[in-house]
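Below is one structure; the comments refer to it alone.
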Amino acid sequence: ESSHASLIPEEGKKKALGNHPGQSHELLRDFEATLLHMFGLQSRPRPSRSAVVPQYLVDLYRLQSGEVEEAEGHDVSFEYPEKSTSRANTVRAFHHEEHMEQMPSDRTYSIETPLRFFFNLSSIPEDELLSTAELRLYRQQIKELGLESQHVGNGDLHRINVYEVLKPPRPGQLITRLLDTRLVSHNTTSWESFDVSPAVLRWTHERLPNHGLAIEVLHLNRTPGHQGKHVRISRSLQHNSEGDWDQLRPLLVTFGHDGKGHPLTRRTKR
Amino acid sequence: SPKQRGRKRNRNCRRHALYVDFSDVGWNDWIVAPPGYQAYYCHGDCPFPLADHLNSTNHAIVQTLVNSLNSNIPKACCVPTELSAISMLYLDETDRVVLKNYQEMVVEGCGCR
């Protein structure tokens, strides 16, 4: 059990006990603290089986480490965020707390009512200075069938609004301020990135209460069959693809610097 | 074929390969990528007179000179003089995924200091 709680392998511990029988425990404790400090951890991580590694961070790692070039990485579906990473040496990913997800009450509910999402950012160390934060939303192409496919124009468009929730929500009442908005066409599948830096900086730097973000998706043509089907913000949106929710659910990504060393400048492949 | 004799192996301070496999140190459960990395290490003699390429400090040059006169004073040490960073993708204590750039993880050059 102790080996799972420590960053020092058992073999190393035994060696230390042999070399410094009197003071090995103290030395090992100090060395453990040095290792944890080096990695910026409080304790040894013990990932649960349910831990999910977002593909975005894997792709970011692969681009950053020079493992793939943007042009050759066909599966990498985004541009390397040079601007965000130029001042950051740490990128953190957060999924929202689903148990705190608040659906609007039945009385006020419509598919276009903003949904509130709470991201617990308390694991960001105090000494980490955030520069930017983005909310990434997955949107899935709606394949037109029949006569509707003839229409081109506003009928294809969805507006996505991202808000900061300013006060603790009450039933049917959400006090918000708009952070970012975008008009998207529902004929493509892609990730959409929204700048939520102002809200995240308020929660972290200014230590103001975090009441979450609200996401509103408006289908401009109000085609009933398309309502709530384009942007993936809810687990139950696509009944036939529950399994991919872990990878397609909203993702909050923070870019920060802990004051140690250089930013995440990209390496080119050797 | 005859053994090569008379050719003295170069034992001077230089960089050697050292691949750190995260599964060997038991960190593979929380480090997602890379699985390991080439860290290198520095090893070798810092003999008198120190060669230019050993990237020595003035202090190391003087210490080596004194060592040549008095062996009670040790030679200069072969240590990393240039290091570089690597990126690591890992799960932290709260199961959240972090991509972080860690400084001074890879030896780029060794010297006598």
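Counted within 6.0 Å of NE2 on A:H95, heavy atoms from surrounding residues, nucleotides or ligands total more than 12; the atom is thus considered enclosed. Heavy-atom contacts from other residues, nucleotides or ligands closer than 6.0 Å to CZ of A:R87 number 12 or fewer. Counting heavy-atom neighbours within 6.0 Å of B:H16 NE2, excluding the residue itself, gives a total above 12. For B:D52, the CG atom is loosely surrounded, since the number of other residues' heavy atoms within 6.0 Å does not exceed 12. Counting heavy atoms of neighbouring residues, nucleotides and ligands inside a 6.0 Å radius, atom CD of B:Q38 exceeds 12 of them.
Every pair passing disulfide bond (SG atoms under 2.5 Å apart) that includes a residue from residues 47-82 of chain B is listed here, sequence neighbours excluded: B:C13-B:C78. For residues 52-101 of chain B, every residue pair satisfying the ring pair (Phe, Tyr, Trp, His ring centres under 6.0 Å) rule, not counting sequence neighbours, is listed here: B:W30-B:Y90.
Of residues 93-103 of chain B, those residues with a non-hydrogen atom less than 4.5 Å from any non-hydrogen atom of chain A are, in numerical order, B:E93, B:T94, B:D95, B:R96, B:V97, B:V98, B:L99, B:K100, B:N101, B:Y102, B:Q103.
For B:V106, the side chain to side chain contact (heavy atoms under 4.5 Å, CB included) criterion is met by B:Y37, B:Y40, B:S84, B:I86, B:E108, not counting sequence neighbours.
At a threshold of 4.5 Å between non-hydrogen side-chain atoms, the residues B:E104 and A:M38 do not count as touching.
Heavy-atom distances place the side chain of B:V32, and not its backbone, under 4.5 Å from chain A. Neither the backbone nor the side chain of A:L121 comes within contact range of chain B, judged by heavy atoms closer than 4.5 Å. Using a 4.5 Å cut-off between heavy atoms, A:D258 contacts chain B through its side chain alone, with no backbone atom that close. The contact between A:V52 and chain B is made entirely by backbone atoms, counting heavy-atom distances below 4.5 Å.
A:A51 and B:L91 make their closest contact through CB-CD2, 3.9 Å (heavy atoms, listed as atom of the first residue, atom of the second, distance). Residues B:W27 and A:L7 come closest through the heavy atom pair NE1-O, 2.8 Å.
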